[in-house]
Structures are given as C-alpha cells and as structure tokens.
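Throughout, a chain's letter reflects where its sequence line sits, starting with A, and its residues are numbered from 1. Just so you know, these numbers use all the heavy atoms, side chains as well, and skip hydrogens, waters and symmetry mates.
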Amino acid sequence: MHFKFNHKDLFDKIKNVMRVVPTKSTNPVLSHILFELEGNTLFIKGTDLDVYMWGKVEVEGIEDGAFGVPGAKIHQLIKEFSEDDAVFKLENNKVNLQQHEGLYTISGIEKEDFPSFNIIQKKLNSFPIPASIVSRMIEKTKFAISTDMTRISLSALYWQLKPEEMRMVATDGHRLTLFRHLEKEQKRPALDLLLPGKTTNQLYRLLEEFPDKELTVTVGEKNILFNIDDYGLASHLIAEKFPNYEQVIPRDNDKKLIISKDKLADVIKRVKVFASPLTNLAKFSLNQNKLQVFSSDFEIGTKAHDELDISFEGDDIEIGFNSNYLLEVLEHIDSDDIKIMMKSPLSASEISPHEQDENEEYLSILMPLRLPEE
Amino acid sequence: MYNRHVLHIDLDAFFATAEQVAHPEYKGKPVIVGGTPDVRGVVCSSSYEARRRGIKTGMPLSQAYRICPEAHFLGGNFQLYRQFSEEFHELLNNYSPVVENASIDEAYVDLTGTERLYGIVIKAANDMQSKITQRMGLTASAGLGSNKMVSKIATSLAKPRGLNYVLKGQEKSFLAPLPIRMLPGVGYKAGKKLQSFGITRIGQIAGIPTDLLVVTFGVVGTRMQENANGIDKSKVENRLMPKSISRETTFATDTTDRNYLRGVIRYLAARVAFKLRKEKLRAQNISVKIRYGDITDEQKSAGTVPVSGDDRISSEALNLFEKLYTRRVAVRLVGVKAANLVRDSWQLELFEGNELKTDELTKTIDEIKTRYGQRAILPADLLYLNKYHASDKEGYVLKTPCLSR
C-alpha cells in the first residue's frame, strides 16, 4: 500500500473515526484503525465492536492495499505534521510516514486480524432524512436514556418512523422524553427502531458536524447503517421490546402551571444546594398564585425555602421532584415559558414548552419523588 | 468552652422490675424473665432478689431453677417493657435536647452547658433518678463523667440505684484499678490475650505504647489505648433513626426441617417489614443469621433498593437463607435483620405502576394486623407454622423475641 495524502483531509477523518476507538480495551486489535486503499479512495475504519465507523478520503493512490495501524499514535503524529502533503507507504509489514525530511515508522496488524465490516447482511430499507431534524430530535431526548445495562431496552433510543411523523422516545424508568416531528406524508417505510445509547451518542456527534447535509439511513434485519458526507456509522439494533410508553403518558393531569423556565431553574439550582444529596428532593407546594420550593438535609441541618409568583390552575398540591431530573428537562427546552401539568403527588407530571412549532411536539414525563410522611 | 458532662443512665434489672411494678404480688420476690424452667433458654433478666441467690443473666433456665426453684419464672411481656421504655426515654428528653437511646433500658444524656439551668449537673442526675422512681416505680443507676465511656463504666459500678460522678481529670485514675474486661473493646478473646501478658487492670493498658496495641489487636488498638487513658471522643447522638431492625428466635429443639425454617424466616421477615413500615423506614440491606446446633454462627447480607414490603424482604431473606444453610447440621437459631435504613423520600417508577397498588395493599394489611393482631392475616404458607407454634394477638409465640434495634 502506497499513497500521497493531504494533511488536513486525512487528519479530519482520523479524528472522527478515533471517537469510536476505545481508549482502554482488553482486545488490543481494537486500538487500531484500518487503512484501506482502492485506487484514489482511502477508507479509514475503527470500531469498538458495538459501533463501526469509517471515513472516506481522496488521496493520490500509488499501490492498493490494507493495513491496521495503532490509532492513537497515528492520530497524534498526523496532528503534529505540517499542513503539506505527505506519503504513506507499507513496507515489510511496517508503515513509513514521510513528510519533508522526516521519516516515521510504525508496525501494525494485517487486515484479516481486524474485525469484519460486513454488517448489513440483508438490506430491508434505505431512505434519506435531513441531518438537522434527526440531530434536533436526538438532542432533545437522549438525556433520558438509561445507563443501567441490566435493562437493555431502556438503554436505547426508541425511534418510530411513520408516514406523517417521526418520534424519538427515551426513558430510564423514572422519566421519559418524547419528541414528535410532524411532516407531510413521506415516502418512507414505517419502522420501529431501538438504537443503542452508545450508537445514539456517536450518531449525534457526527450529525452535529454536518447540520446542512442529508443523512441516509439503511436498515437491515439486525443492524443499521448511517451515511453522511464522507462518513459511515454502523451498529446493531436492540432486539428487545421497548416498554409501552404511551400508556405512561398522563391524559388527565388537571393542574396546570405556566412558569418562566429560567426563573424556575434558578430557584431549583439554589434550593438544590441545601437538599439531601441522597434524593435531591425539591418539594413543590403550589397554590393559586404562589409556588414555594423547599429542600432540607437532616444530616447536615440545612433547610431551604424559596418562592415564585405564578399562574396556576387547579387545586393546591404538594409534590416532590428530583431536582437534577427537573433541571435536565428544563435545560433542553427552547421556549422561555414552560408548562407543567400535574395530577397527584404519586402520579407522573408532564413538562413541555409553553409554545411549540406547529410541526413539533416535545414533552417530558417525570415521576415524582415520594414525599416523606410528616 | 463548657466542660463536657455526659450522663449515662440505666434502668435496674429492667424486665424483672417492670414485672414487679405491673404485678405487685411479685414485689420483694425473686423474678426471672426468660421462660419457664422446662423449656430451653437462658435468663434474660432477673430481679435483685433473684440475683442475691446467685442468678445471673445468660444462665440456663434449668440451672436457675436448681438454684432458685421458688422464683417466678416469666416468659416476658415485651409490650409492657416497650411502654416503660418509651416513658423512660421521654422523661430524659425533658433534661437535654441531646439524648441518645442506647438500648431499651439505657440512655446517654448530654448535660454539657446545662449548669445554669440545673445548678451543678449532679443535681439534674439525681432529679432524673427520683422522677423515674416516682413516676414509673422503677429504679435507675447513673454515671456522670466527661465522656460516654467513662460515664457508662461509672454506672455499672453504681448499680443498683446509685450515682457515680467521675470528676474531670480523674478519668484515668478512676479506670486504672478496674479489671480489663470492663473496658469497651476488650471482649473474651482480647481479655485472654491481655491476661497472657500479665495485664489484668485497665491502668496497665494505659501504659502500653499504642504501636504495640495496634500490632496485637489491629486498628482497635488505638481506641483501646485512648479508652484506657479515659479518652472517648464519640458524641452523644440523638439517634432518631434506629441503625437496624432485627427479629430472631431460638428453637425449642434444634431442627433440620427446611420447610419449617423457611416458614420461620418468612415470618420473621414479615415482622421486620411490619416494624420498618411502622417506623416509616425502608431498608437497603437485608441479612439472615443462622446458629447451628454446634453454636457456630453464620451470616449473609445483600444490598437492595429501599424496601419495606413483606414480599421483597421475605424473598430476599429466603434467598440469603438458601445460600447460607449449607451444612447438614440442625439449626438452633435464625434471625432476619434490616439495615442501612432510610427515612426519606424515594423516586417513584414510571412503568411499575403496580408498586403503588402493592403499597396500598400492604397498608391495608398493616391496618388489619394492628387492629386484630399479627395472625389476623397471613400468607397461606405460613399456616405451616401452626403445627409448631402457639399464637396470640402478637403473632406466633416464639422464644426469645428480640427487641434489638
């Protein structure tokens, strides 16, 4: 394998592919990235066995071939190269990198030792979507994905594609986020996909780099493939069943609070400092014109009380929330005012932006913390 | 800075005296609480009349009967003792905001800074003792010192009805002539070891370099050295929350009947769970203890999400029991304990909606139990215990009911 390359083009690809390469792994093969040259096209591939990622870059090909090199080393070296052309040459199972008077030699692994990339055995569907939409949907929902790997179906992002809308749903069993994107009828298959949390994060980072491009999604029986710009990302899909989330979306919450997002967030941030770190409980006490927020930590003897003038419709209520969960929900809402719909201290509350675009519906469901009995 | 004043106060021969107060006919007579002499068991508590004849706590009942056959042997009325105990602790709360309930019949009262209220602190101590006698008919012994350890040892030398005051600066000389076993941390094993070095008095321990004690006894060596010098930095803590709740029982005869053992574990677990709910607590750790017939103890515990339901605690306890009960030796005692207790709020689940229903169910069952007794409503498989145990309103009559918190 022998080619001449432009420093910047190659560096960008390596940088992005390196995101999936594990920094610590019991399998040394995975610390490598695979270089594959066909004519003037060079593929750079990396994987942690859950997510596969590759970038494509045009080079001046001299001799085709494939070889795996230690990712971190090559990444660091090319970063330090000057912005000129350089040469990559494989000789006697060693890679020589040459720029100006410098010669850098490194050993690596054969292509055969690198994990195989034939991930889509049977292609079921393929369709394009604007990257900006998918990226926005992921950004609004992924924070609620569970990190508890014992509940696999919750450690994933649930992506529902229907002819006139797309939905993304995430939940960790305590809270749930739902983002609906409504659109004109699309020539797209109806699909229910469970994307692993790790894949979701990698996809989001990639989409962030190309907000104006189109994302191509290819769905296989057990796997999924995303293509954008010169990059590809592939992963398995989770075969489990996502819980029946529609069932937990409250339909009859009759207490309505409209409040400034920032004002509420400020109060919670303050009150949280004095809350018990075990529960992060912020207790809300609501009546017609006042919201009082309380916290306390018996262990160190702290007590907090803060209040806001509000407009509230419904009977007075006392309800407890995990302040971290609540803050995370608020952080992801764009509008200035938010709407909180409540029913009882033991049932789920719904939080949504007070104003939403007509082609969007975004909501978070938060299960309360049970208040200590007094 | 005020001088520290810690009072340790302990009810004299609590169970036995409580029986004498409740049943005036026992007054002035030897009373032994623990069971009737025909069952296996030990003396739990005995009146001073019995003690004068040589009855000691922990002595087998059969032996106690040989020594003192005319004594009143009683099984124990724990509800009565609990009532007395609550009254006792409530009374102490009037004297200081910092009262630590060390057990059912003893407490530490931090009197630091109360001199202006009571004059000299010894007056307050005297007052407590007389109030206990006036109001409850019981007697208490007390020790006053500059820390918990010293005052507790002072109490033990004041029994019965006495009051010992160890002046500030006198702690070391007060402890020096006392036998080593009176020092906290010196149990049977450590005591033997120290004796083999010719050490029999606390004062001798005080003179041993800390390093040497650490080498011999590990980290506790430092504490032992401090204690022997009259130093104890531990605080009197208002323990609003018990550290753990446990229930255990010794069998009338050792048993290998697995179904029976499982039944008893379930029953004890339900009793622990009931108590947790009554105290509005949840446990994050469940443990099971087995004592085999050859008096070897084994214990296993497991962490859990905060629980207080019968089902969750029973199934966890049974799981642990299956892992624990491996020897083919008859079992003498089993116990279930809930620890790492929390009394706070907890996060509700979105998808486990029936958790709330279970809570409601448990609440209703608890109401029935509170009103009609522990056996008014039971899991059907517990009926198996009917073959072995009589029952009353308080549940199955097990031996040595345990009130440890």
Side-chain angles (χ1 to χ4, degrees), chain A residues 144 146 148 150-151 153-154 169-178 241-250 275-283 294-299 301 318-326 344-350 364-374, chain B residues 97-101 110 234-243 273-285 302-309 312 316 319 338-364 366-367 370:
Chain A
S146 168
D148 178 1
T150 58
R151 296 167 87 181
S153 64
L154 300 190
V169 191
T171 179
D172 63 2
H174 298 147
R175 61 217 168 124
L176 178 144
T177 54
L178 164 66
K241 203 170 164 335
F242 195 70
N244 183 357
Y245 71 90
E246 284 180 84
Q247 203 185 335
V248 302
I249 296 177
S276 155
L278 287 172
T279 57
N280 288 306
L281 170 70
K283 184 175 114 183
F294 303 90
S295 76
S296 63
D297 184 355
F298 181 74
E299 292 286 315
E318 288 201 338
I319 186 168
F321 291 110
N322 178 329
S323 32
N324 287 338
Y325 287 173
L326 201 52
S344 82
L346 296 179
S347 64
S349 294
E350 180 185 323
S364 295
I365 310 293
L366 204 53
M367 217 39 204
L369 276 166
R370 194 171 179 135
L371 292 171
E373 288 173 48
E374 274 153 16
Chain B
V98 190
V99 177
E100 178 175 332
N101 301 340
D110 196 337
S234 63
K235 273 198 227 158
V236 180
E237 283 176 289
N238 272 33
R239 213 177 287 150
L240 295 180
M241 266 194 2
K243 282 190 169 165
F274 181 73
K275 179 73 180 170
L276 279 171
R277 294 192 298 270
K278 205 172 153 208
E279 302 263 338
K280 297 191 174 67
L281 293 167
R282 293 197 156 213
Q284 292 172 294
N285 188 285
T304 149
V305 293
V307 286
S308 69
R312 301 285 290 271
E316 191 58 65
N319 255 334
N340 287 1
L341 307 180
V342 287
R343 182 191 286 149
D344 211 329
S345 53
W346 60 91
Q347 178 68 49
L348 299 169
E349 298 279 333
L350 261 177
F351 297 101
E352 288 161 24
N354 42 12
E355 184 197 9
L356 288 176
K357 276 189 200 151
T358 324
D359 279 2
E360 280 303 307
L361 177 69
T362 311
K363 217 171 169 182
T364 313
D366 284 356
E367 277 165 20
T370 312

- Note on the structure: Whatever's closer than 4.5 Å to a heavy atom in chain B on Tyr325(A) counts as side chain
- Message: Nearest 0.5 angstrom please: Leu371(A) CG to Leu348(B) CG, how far?
- Response: 9.0 Å
- Message: Just to verify, what does Thr364(B) make a side chain to side chain donor-acceptor pair (under 3.5 Å) with, not counting sequence neighbours?
- Response: none
- Query: Which pair of heavy atoms, one from Leu350(B) and one from Leu176(A), lies closest together, and at what distance?
  - Reply: CD1-CB, 3.7 Å
- Pro345(A), part contacting chain B, at a heavy-atom distance under 4.5 Å: backbone
- Residue set satisfying side chain to side chain donor-acceptor pair (under 3.5 Å) with Asp172(A), at least two apart, ordered chain then number -> Arg175(A)
- Query: If you measure from CZ on Phe351(B) to OG1 on Thr171(A), what distance do you get to the nearest 0.5 Å?
  - Reply: 4.0 Å
